Amino acid sequence: MPESEILRDLWYMAVPGQQLKRGQMLGKILLGQSLVLGRDANREVFALRDICPHRGIPLSHGQFDGREIECCYHGWRFNCSGGCTQIPSLLPNQKFDLDRVFVTRFPCREVQGNVWVFFPEDERNIPDPLPEIPKIPGIEACHHGLVERAIFPCSIDHAVVGLMDPAHGPFVHRSWWWRSLRSIHQKSKAFAPSHLGFTMVRHKPSSNSKAYKLLGGEVSTEIRFELPSTRIESIIAGRHHICGLTTLTPLADKQIELHQVFYWTIPWLTVFRPLMRPFVRTFIEQDRDVVNKQQQGLNEDPQLMLINDADRPARWYHQLKKEYQQSRTEQRPFVNPVPETTLHWCS
Ligand code: FES
Ligand SMILES: [Fe+2]
């Protein structure tokens with residue numbers, strides 16, 4: 001996986017919390033690294049390198065009792081912080097300092113129903129305090145409504161640019177319930193810099209977004225992007241809130257995992273969850289299919305273009321990334337390169 005593409009010292013979405021039951025562990029490759037994710041008996045989540053320091057077998061093949069992982073090869077035991085607690089082959093009179101044996105631990109937290117892992121630049125130098133995990137605003141009393149996932153066969157940069165691209169809607173997501181070609185019209189949206197990214201400031205949604213009409217009440221939406229690859233759309237409909245969290249996590253080279261999580265405070269929406277799922281799936285699959293086709297061209301490494309306002313968010317993404325890396329190399333605070341501005345495009 002080309003390292004230059006992946007930003008470090010940031011949090012990445014690892015799995016929806018519901019995939020990790022109490023006392024369970026799960027092996028997963030994230031950012032090209034094998035991790036074992038788990039939830040202990042106290043419901044706390046953890047992430048360790050999924051390699052036994054004895055002979056390298058993934059610990060996720062072993063047993064977990066909610067407190068310790070037992071390696072499946074020679075039974076060495078490790079606690080959820082990665083410390084070795086027991087080596088069964090040692091005799092009582094054979095002195096061995098267990099503190100010398102440990103598995104690397106990655107900071108891991110569960111926020112709003114999702115498990116995030118922090119990937120440090122340098123494993124021996126974890127920042128303190130750790131940065132904040134991107135949060136959905138105003139959902140305390142809200143339901144964790146719907147989670148979908150998909151794998152995009154592209155680089156993280158193409159995945160993010162696709163995620164923030166305002167001009168592909170009427171072509172990729174053309175359907176009776178969302179967009180039609182006839183509905184293309186000029187749009188003007190205000191943008192402002194926000195934490196490690198930018199925000200399309202709160203506005204009434206497009207008149208051609210039919211699905212919004214079902215919500216009733218006065219509808220407004222705000223879309224925020226934050227490095228490395230998180231997009232949060234917050235829709236307010238009357239007194240209710242619907243939020244979409246989209247995260248992109250590189251698993252391996254050209255393998256980006258997308259999670260789309262919806263939260264809402266509208267009780268009746270929960271009844272319609274089974275009906276909503278196919279729409280969400282279709283939407284994600286449309287994006288995935290176009291990325292798949294794009295790869296055919298990208299394989300020949302062509303020169304690409306970023307034009308005018310419709311591609312400005314893509315340009316900002318590249319600028320944000322560059323500034324993030326530069327500010328770290330120069331050990332200075334991050335200066336957001338995104339201006340306060342209004343962009344105009346047709347979609
Ligand atoms: S390889 Fe894990 S205990 Fe030997
Ligand atoms: Fe899309």
Side-chain angles (χ1 to χ4, degrees), residues 25 27 34 36 48-65 68-79 82-90 94 96 98 100-104 148-154 156-175 177-181 183-184 187 189 200 205-206 208-212 221 223 225 229-233 244-248 256-262 279-295 310-311 313-314 317 345-347:
M25 62 176 174
S34 309
V36 53
L48 303 174
R49 166 152 298 150
D50 195 11
I51 295 178
C52 177
H54 183 215
R55 297 278 181 77
I57 201 164
L59 290 170
S60 56
H61 291 307
Q63 300 284 334
F64 180 48
D65 62 6
E68 291 180 343
I69 300 175
E70 182 185 270
C71 179
C72 70
Y73 206 166
H74 312 93
W76 291 21
R77 294 180 72 85
F78 300 89
N79 61 29
C84 182
T85 56
Q86 200 192 338
I87 296 182
S89 61
L90 288 174
Q94 290 175 325
F96 185 87
L98 287 183
R100 279 169 43 204
V101 186
F102 60 89
V103 182
T104 305
E148 280 293 329
R149 86 178 263 284
I151 299 289
F152 281 43
C154 62
I156 184 69
D157 289 352
H158 279 292
V160 173
V161 165
L163 182 71
M164 297 310 296
D165 172 12
H168 73 289
F171 299 93
V172 173
H173 302 297
R174 199 180 297 171
S175 56
W177 49 276
W178 188 249
R179 296 287 159 92
S180 71
L181 258 194
S183 71
I184 292 190
K187 288 177 185 163
K189 301 273 158 74
M200 183 194 280
S206 303
N208 59 354
S209 301
K210 295 187 184 121
Y212 286 129
T221 174
I223 303 174
F225 171 76
S229 42
T230 301
R231 175 190 194 266
I232 294 174
E233 176 157 13
L245 167 74
T246 317
T247 59
L248 294 166
I256 307 299
E257 185 173 50
L258 170 136
H259 279 107
Q260 177 67 50
V261 189
F262 283 106
F279 287 100
V280 177
R281 271 245 67 86
T282 304
F283 211 83
I284 295 172
E285 279 163 10
Q286 288 166 336
D287 280 321
R288 199 218 25 227
D289 291 348
V290 82
V291 161
N292 236 330
K293 291 174 187 154
Q294 183 192 23
Q295 285 306 307
D311 287 342
Y317 165 67
W345 71 87
C346 277
S347 69

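Indexing begins at 1, ligand by ligand and atom by atom, following the structure's order. The structure presented is a predicted model; accordingly, all values stated were derived computationally and were not measured.
- Relative ring orientation between Phe283 and His173 is described as parallel, the plane-to-plane angle staying below 30° on a 0-90° scale split at 30° and 60°.
- Under the 4.5 Å side-chain criterion, counting only non-hydrogen atoms from C-beta, Lys189 is in contact with Trp345.
- Qualifying salt bridge (charged side-chain N to carboxylate O under 4.0 Å, His left out) partners for Arg281, counting only residues two or more places apart in sequence or in other chains: Glu148, Glu285.
- Here CG of Asp157 is found 4.0 Å from OH of Tyr317. Values are rounded to the nearest 0.5 Å.
- The side chain to side chain contact (heavy atoms under 4.5 Å, CB included) test with Ser229 singles out one residue from Leu163, Leu248, Thr247, and that residue is Leu248.
- Around the Fe ion (ligand 2), the protein atoms of type N, O or S found under 2.8 Å away are His168 NE2, His173 NE2, Asp287 OD1, Asp287 OD2, listed by chain and number.
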Under 3.5 Å, which donor-acceptor pairs link side chains of residues 54-63 to any protein atom two or more places apart or in another chain?
unit_1	atom_1	unit_2	atom_2	d
His54	ND1	His74	ND1	3.0
Ser60	OG	Asp50	OD1	3.4
Ser60	OG	Asp50	OD2	2.6

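- Note: Leu90 CG to Trp76 CH2 = 8.0 Å, rounded to the nearest 0.5 Å.
- Sorted by chain and number, the protein atoms of type N, O or S within less than 2.8 Å of atom 4 (Fe) of ligand 1 are His54 ND1, His74 ND1.
- Counting heavy atoms from C-beta outward, Glu68 and Glu70 have side chains that stay 4.5 Å or more apart.
- Dense packing is recorded around CZ of Phe96, with more than 12 heavy atoms of other residues, nucleotides or ligands lying under 6.0 Å away.
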